[in-house]
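Atoms within a ligand are numbered from 1 in the order they appear, just like the ligands themselves. Since this is a predicted model, take the numbers as computed values, not measurements.
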Amino acid sequence: MSEQLNLLRQKLDGINEELLRLLNERAVVAREIGEIKEKQGVPKFDPVRERAMLEELTRRNPGPFKDSAVKHIFKEIFKASLNLQEEDHAKNLIVSRKNQPEDTLIDVKGTVIGGSSQVMIAGPCSVESYEQLRTVAAALKDAGIKIMRGGAFKPRTSPYDFQGLGIDGLKMLKEVASEFGLATISEIVHPDHIDIAGQYIDIIQIGARNMQNFELLKAAGQASIPVLLKRGISATLEEFVHAAEYIAVSGNTQVMLIERGIRTYEKWTRNTLDISAVPLLKQETHLPVLVDVSHSTGRKDILLPCAKAALAAGADGVMVEVHPDPQTALSDAAQQLDIPQFQQLWNGIRESGLFKE
Ligand SMILES: O=C(O)C(=O)C[C@]1(C(=O)O)C=C[C@@H](O)C=C1
């Protein structure tokens, strides 16, 4: 009896081997189809083709497997083929780690982002005046911070809210940055302003609301300065990576990604900080990955643990909003730190031992 069992099992082993060979042969063909689809720019998933194959297979099914079992098995095979095609697609992206295993390093006036050290970017939500900007710049300089943020173009939820000082704000950033020896980052919202931005700032920020503004992404791809791309409020990581690819394929590979919280049902924070985005983006792309703790939380009291979590998860830097007098700020009054609060946060981050200088 057991000898017969052994023989049957040996027979199954042989069939398994043959099935495995055939499955892989099939996978090679599916891959080739995937490459053709990639070139044609058509979707990899083809439900009509899948349904036609299932109908044909069940029509020809001699049994003893029921049609439902045949369908189930083949659906899994189609899914595995599709995964293979999608993996190949991801490998082809310029921003993919599979395409470039080594980290992209971005040098901003001597500060390298994406290397062995981490960066702290701080500054007001909006540029409001010279005085406001100079006060923050002086505090940042004292704290050893090298990159200052400040919004000149402010895409706001309400058209009645402060919209920013525009080009005048960029000019203020340049003047104050050169006085204090800082590099600057500011959001650009219109493709026509990409060129001008290069005259005044060191990093172009593409905001969350514009993450899929493809004309803006293409324009940023033609800029000669680095771009910090924010994750859209409802963007999947795949969409985020493809938005970065738009910039890279247009010619600018100096791209940094920043997780800034996503929209969920949670109300205790302004957005939900998706900490898993950090290791996933580091794994899937070679771009520097930062975390905006101010926008993701929308509150001041949990910035330290969130910044520590970001750094521990492998973020290349943290961004935080600082204002000399947050209560009178023209935007994001609730989430901006005053200068002593920023100093306290910064000390806490450094004392944690998580920040690689
Ligand atoms: O025939 C195709 O277009 C394929 O991409 C191959 C294949 C398959 O494995 O059979 C894979 C995914 C598609 O959803 C449909 C079919």
Under-4.0 Å protein heavy-atom contact, atom 7 (C) of ligand 1: no
With K44, the salt bridge (charged side-chain N to carboxylate O under 4.0 Å, His left out) member among E87, E38, E50, E86: E38
Side-chain heavy atoms of E128 within contact of T328, under 4.5 Å: no
Identified side chain to side chain contact (heavy atoms under 4.5 Å, CB included) partner of I121 from the options I185, T111, D292: I185
Donor-acceptor pair between H323 and D332 side chains, under 3.5 angstrom: no
Contact atoms of ligand 1, heavy-atom distance to I33 under 4.0 Å: 1 (O), 2 (C), 3 (O), 4 (C), 5 (O)
Proximal atoms of ligand 1 relative to F45 (non-hydrogen, under 4.0 Å): 14 (O)
E239 and Q212: side chain donor to acceptor below 3.5 Å: no
Residue S81 vicinity, atoms of ligand 1 by number, heavy atom under 4.0 Å: 9 (O)
Protein contact to atom 3 (O) of ligand 1 [nearest heavy atom, distance to 0.1 Å]: K37 NZ, 2.6 Å
Identity and distance of the protein heavy atom lying nearest atom 16 (C) of ligand 1: M53 CE, 3.7 Å
Atom 14 (O) of ligand 1 - nearest protein heavy atom and its distance: E50 OE2, 2.6 Å
Region of K44 that comes within reach of ligand 1 [heavy atoms, distance under 4.0 Å]: backbone
Over 12 non-hydrogen atoms of neighbours within 6.0 angstrom of CD in E56: yes
Distance flag, aromatic centroids of F153 and H193, threshold under 6.0 Å: yes
Which of the ligand 1 atoms, numbered from 1, are nearer than 4.0 Å to a heavy atom of R49: 1 (O)
Closest protein heavy atom to atom 10 (O) of ligand 1, given as residue, atom name and distance to 0.1 Å: R26 NH2, 2.8 Å
